[in-house]
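A short worksheet on the structure shown next.
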Amino acid sequence: MNILVTGGAGYIGSHTCLKLLEQGYGVIVIDNLCNSNPKSLDRVCALTGKDITFYEGDVRDEALLRKIFATHEITAVIHFAGLKAVGESVAQPWRYYDNNLNSTLVLTKVMSETGVKRLIFSSSATVYSGDNQMPLREDSHTGGCTNPYGWTKYMTEQILSGLAHADKDWSIVLLRYFNPIGAHESGLIGEDPRGIPNNLMPYITQVAVGRREKLSVFGNDYATHDGTGVRDYIHVVDLAAGHVAAVKYAAANTGCEVFNLGTGTGYSVLDMVGAFVKANNVAVPYQIVDRRPGDLDECYADPTKSERMLNWRAEKSLEDMCRDAWNWQSKNPMGYGE
Ligand code: NAD
Ligand code: UD1
């Protein structure tokens with residue numbers, strides 16, 4: 001069974017390609033490499049001893065997609081391709097709407113025409129509005145997004161659920177990720193952000209490896225146990241396994257279903273710094289600075305629907321996440337760049 005993975009050279013995509021190959025699926029990747037390095041896929045092939053068919057191109061390129069669907073017998077598509085930097089989306093909204101919405105529109109058009117109607121989509125906990133009680137359930141309030149990136153995820157969910165409503169042959173799984181961190185235990189693939197990292201864990205690892213002087217902790221006056229923001233961090237290898245579970249679910253069901261992929265446990269920024277220092281015995285200097293606009297006190301999942309219906313649950317511990325993130329960063333101080 002062949003799975004087409006859009007954005008497969010990226011952080012979550014590369015870990016998912018690895019899991020798919022390990023489980024015996026054939027993997028075809030389309031990625032325009034706008035935020036990734038093809039070395040990630042070379043390393044996935046080296047780790048598994050298996051091949052990936054790679055197309056360097058844009059998911060909005062309808063002719064290329066037609067060629068891919070004509071060349072390969074594809075069972076399902078996992079659609080990771082998208083732009084994901086929140087601040088950049090505020091500065092460049094058109095680029096985000098164009099890339100993230102048109103990629104999905106062109107992809108589903110070609111899928112529909114070729115009769116491949118199984119799709120797994122990368123959504124985000126960012127679609128939940130700020131007025132919810134924790135933990136977040138799939139039926140918690142959504143909308144009220146604070147940036148164009150979040151709106152692209154919200155709108156794509158609307159587009160895809162409308163598609164499944166109108167055509168009962170579709171099987172669509174919307175996966176709302178919480179905060180993916182960590183890396184494959186080999187240290188050969190991992191997260192390699194361009195420029196200054198926006199997210200907490202890559203910033204911590206870059207401080208630890210000496211690329212940044214110190215971490216700025218964004219606010220210590222939140223309504224949390226130590227005043228710093230609480231999030232649901234999930235190991236990227238657990239997240240990848242969630243995609244394989246979703247592929248199996250999509251093969252057995254039709255319609256459109258949404259699932260949280262999180263652990264159900266929240267940790268604060270200072271919990272994360274402490275756990276990282278303890279797991280790796282390295283220093284992470286930090287300073288408390290002002291809050292980052294748009295941040296919430298806390299955000300964590302109720303993962304029980306995924307456990308029940310996808311037969312999936314996150315298994316790795318916070319220590320695993322911290323150890324594996326550092327293993328990747330310390331073996332690849334400049335990411336794939338060296
Ligand atoms: P990533 O940037 O590492 O991977 C995305 C990949 O898509 C990159 O390889 C990029 O080159 C490619 N891409 C982007 N636009 C493309 C296009 N038009 N055509 C072809 N390729 C294109 O990001 P990631 O962290 O692996 O995230 C994967 C998906 O999960 C994204 O849709 C992201 O929004 C979503 N997501 C990520 C997080 C997170 O914290 N990492 C959280 C929630 C949701
Ligand atoms: C951010 C995005 C969200 C996106 C998610 C995953 C914002 C407002 N939200 O979420 O849309 O889906 O990333 O890509 O950008 N922190 C620091 N110092 C840092 C970095 C982060 O203190 O240098 C804190 C934050 O304030 C937060 C926690 O660490 O409390 C996690 O931050 P981050 O990794 O950026 O994830 P989210 O804020 O959950």
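Note that the coordinates shown come from a computational prediction; the quantities given were computed from them, not determined experimentally. First listed ligand is number 1; within each ligand, the first listed atom is number 1.
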* To do: Return the option from F218, Y233, Y203 holding the heavy atom at the smallest distance from atom 19 (C) of ligand 2.
  =>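 Answer by nearest heavy atom: F218.
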Does any N or O atom in [X] lie less than 3.5 angstrom from one in ligand 1, N or O only?
| X | answer |
| --- | --- |
| N199 | no |
| N99 | yes |
| F80 | yes |

* Region of N179 engaging ligand 2 - heavy atom pairs below 4.0 Å ->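 Just the side chain.
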* Any idea which part of V86 is under 4.0 Å from ligand 2, heavy-atom wise: side chain, backbone, both or neither? ->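 Under 4.0 Å from ligand 2, V86 contributes side-chain atoms alone.
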* Within a distance under 4.0 Å of any heavy atom of V217, pick out the atoms of ligand 2 and give their elements. =>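 Here the atoms of ligand 2 in question are 22 (O).
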* Atoms of ligand 2, numbered as shown, that sit under 4.0 Å from any heavy atom of R292 ->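 Within the 4.0 Å cut-off of R292, ligand 2 contributes 7 (C), 15 (O), 25 (C), 32 (O), 33 (P), 35 (O), 37 (P), 38 (O).
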* Spacing of Y154 atom OH and Y128 atom OH [to the nearest 0.5 Å] ->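 Going from the OH atom of Y154 to the OH atom of Y128 covers 12.5 Å.
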Suppose I only count heavy atoms of [X] and a 4.0 Å limit; which atoms of ligand 1 are within that range?
| X | value |
| --- | --- |
| L33 | 11 (O) |
| N35 | 1 (P), 2 (O), 10 (C), 11 (O) |
| S123 | 43 (C), 44 (C) |
| S124 | 43 (C), 44 (C) |

May I ask you to check whether [X] and [Y] place their ring centers less than 6.0 Å from one another?
| X | Y | result |
| --- | --- | --- |
| Y177 | H243 | yes |
| Y11 | F80 | no |
| Y55 | H72 | yes |

* To do: Could you check Q329, K331, R323 and say which one makes a side-chain hydrogen bond (donor to acceptor under 3.5 Å, both in side chains) with N327?
  =>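 Among the candidates, only K331 passes.
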* Asked: Has K305 got its NZ or CZ under 6.0 Å from the middle of the six-membered ring of F259, at an angle within 45 degrees of the ring axis?
  ->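 Here K305 passes the 6.0 Å and 45° test against F259.
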* Distance only, no hydrogens: is a donor on one side chain within 3.5 Å (strictly under) of an acceptor on the other, for H184 and D324? ->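 No, because no side-chain N or O of H184 sits under 3.5 Å from a partner of the opposite role on D324.
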